[in-house]
> 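Handing you this structure, nothing more for now.
For ligands, and for the atoms within them, numbers begin at 1 and follow the listed sequence.
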Amino acid sequence: MLKLYNTFSRKIEDFKPINPPHVGIYTCGPTVYREVHIGNFRTYLMADFLRRMLEYNGFKVTHIKNITDVGHMRQVGQGHHAQNIDPIIKEAMDQGKTPLEIAQYYTSLFLEDEKKLNILKANVYPKATEHINEMIEMIKLLLKKEIAYESDGNIYFDVKKFKDYGMLSGNTLDKMDNLLEAVRISVETDKKDSADFALWKKAEKDRLMKWDSPWGSGFPGWHIECSAMSIKYLGKTFDIHTGGEDLIFPHHEDEIAQSEGASGKKFVNYWLHGGYLLVDGEKMSRSKGNVYTISEIEKRVMPGGRQGFDALAFRYLTMMTHYKSKMNFTFEALEGAQTALNRLKETMVAWEKPRIGCAEYEQRFLDAINNDLNMPEALSIVWELVRSDYPTSAKAESLFKFDKVLGLDLAKNQKSKIKNQKLEIPEKVTKLIKERDKFRRQKNFDMADKLRNKIKEIGYDVEDKGNKSVVKKV
Ligand SMILES: [Zn+2]
């Protein structure tokens, strides 16, 4: 049985899809105003392992990952919004480009990085800017149901009208009052309740990104895009929603409120959240300069002289920690992952062609991944298999199967290495080839053929390609 930890119930649950063998997954994607960092990629890798694991089990997955290309914050910092200058718009203004150009540029970088990490392409990457109408329709429905209200061109979700508010994060309204009081969060003055959140915001004068709506010119709040787009592509109730644990509150809590408020149905059956990625034991932050991107780790020069890492070494590294746990990234650990990955690939080069796999290890691997995606366990089974006494043809067969989940390009790598591999030719054979070449030049083909047979007896075959002799092992 396949088991997953569900943030909503705070329990490990048996996974039961709504419409087997189909499974719908929605992953909160990046906000595209700069390069995506490795902490975010850790979360996308979790979603990728999840999807591959489901496909390994025979499910047919539809994976949706949104691209947040709408700025959800104010363009100009004013009063209590001073720290909330919208990053997409800010980047556009700094670079003298349009917000859409900025978004397109960083979207393409993001997709390239995903490719390098062997993250399978989502079936759809819906862009927020292309789904403004769907968001407006959902807001209209919430207004009609009186779960939302308008105030001077802004639309807010009325959290008091949604009784289950706080079920995912534990931030229920009674606790929230104290929480908001305690941290004195800046409160928009036109809200009924400090916990209410914006569905639509009125545009400032001269704002770069804005759209017409029944409530005047404005732009959507952050959370509404994920509700509108996930429902559009996966239906009102779907199987799995993933994201980083930093998104549990308020983003996912608000997604549930909006979606269930609008549809009257349960939104998501399983919520999966990836743990934080720390760098050298500390939280990543721009001011500390420890926010790394994939292109940076590819170029990183190490004190020992190593010139850069494969993106796949980072993929390997993320498997060494369970997705729910905090992961501590260090370059030393990455170096260890790179060495392990190289060793795995080098070991496999000498292996025979895959034949019949090792049933025992295949069962153990399946049990590990089906147990809430236990990749560290799966990885240790891989190495146990590599070191086992099974014939290499059996190890190869099983490892190529496992690689459908691991995504380390093991098969591809072995094939290309075999092609480039230099054949060790015994001196005896080299000598005979030289002799044979002499007879060929003299057009003494009888002798040439005799020598070829002699070479064959030793276990090698000679092929004539023009003036050259090409040797192969029989
Ligand atoms: Zn989202």
Side-chain angles (χ1 to χ4, degrees), residues 6-8 24-34 36-37 39-48 50-51 62-73 86-88 103 106-107 110-111 114 119 122-132 134-139 142 157 159 162 165-169 171 197-201 209 219-263 266-276 323:
N6 188 350
T7 310
F8 196 86
I25 305 177
Y26 185 87
T27 297
C28 287
T31 305
V32 280
Y33 64 99
R34 61 183 171 208
V36 174
H37 61 62
N40 293 134
F41 276 119
R42 184 193 179 201
T43 310
Y44 303 138
L45 282 164
M46 167 195 81
D48 188 58
L50 171 70
R51 170 179 170 180
T62 304
H63 192 190
I64 309 297
K65 189 180 289 173
N66 69 305
I67 300 286
T68 299
D69 57 353
V70 166
H72 300 294
M73 293 178 183
D86 187 79
I88 296 181
Y106 288 109
T107 302
F110 166 69
L111 294 175
E114 281 214 321
I119 293 176
N123 298 75
V124 188
Y125 289 96
K127 293 186 176 123
T129 49
E130 291 168 5
H131 294 79
I132 302 290
E134 284 84 348
M135 296 182 221
I136 289 175
E137 285 309 311
M138 187 175 252
I139 297 168
L142 290 166
F157 187 93
V159 291
F162 185 71
Y165 194 82
M167 294 284 276
L168 177 73
S169 62
N171 292 330
F197 58 90
L199 299 169
W200 188 263
K201 297 180 188 174
M209 282 184 120
F219 56 102
W222 170 30
H223 318 301
I224 193 75
E225 71 174 76
C226 286
S227 290
M229 298 194 288
S230 60
I231 288 176
K232 174 173 178 176
Y233 293 100
L234 296 172
K236 287 173 181 163
T237 306
F238 60 91
D239 296 300
I240 307 175
H241 195 312
T242 78
E245 69 175 319
D246 54 323
L247 294 184
I248 295 175
F249 187 84
H251 185 53
H252 291 162
E253 195 71 68
D254 293 353
E255 275 188 41
I256 295 174
Q258 298 162 155
S259 307
E260 300 193 358
S263 74
K266 188 176 183 189
F267 178 42
V268 167
N269 284 340
Y270 301 86
W271 285 91
L272 260 71
H273 289 101
Y276 285 106
Y323 76 86

> For H241 and W271, take the angle between the two ring planes, folded into 0 to 90°, and tell me which bin it lands in: parallel under 30, tilted 30 to 60, perpendicular over 60.
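If you compare the ring of H241 with that of W271, the planes turn out parallel.
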> Kindly confirm whether the Zn ion (ligand 1) is within less than 2.8 Å of some N/O/S atom in C28?
yes
> For T242, what residues pass the side-chain contact (heavy atoms from CB on, under 4.5 Å) criterion, not counting sequence neighbours?
I25, T27, M46, A47, L50, I240, L272
> I need the full list of salt bridge (charged side-chain N to carboxylate O under 4.0 Å, His left out) pairs touching residues 228-253, with sequence neighbours left out, sorted by first then second residue.
E134-K232
> Is the distance between the Zn ion (ligand 1) and the nearest N/O/S atom of H252 smaller than 2.8 Å?
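Not a single backbone or side-chain N, O or S atom of H252 is under 2.8 Å from the Zn ion (ligand 1).
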> Would you say that I64 contacts F238 through its side chain, given a criterion of any heavy-atom pair below 4.5 Å between the two side chains?
no
> Just to confirm my numbers, could you give the angle made at the Zn ion (ligand 1) by NE2 of H251 and SG of C226, rounded to 10°?
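NE2 of H251, the Zn ion (ligand 1) and SG of C226 span an angle of about 110°.
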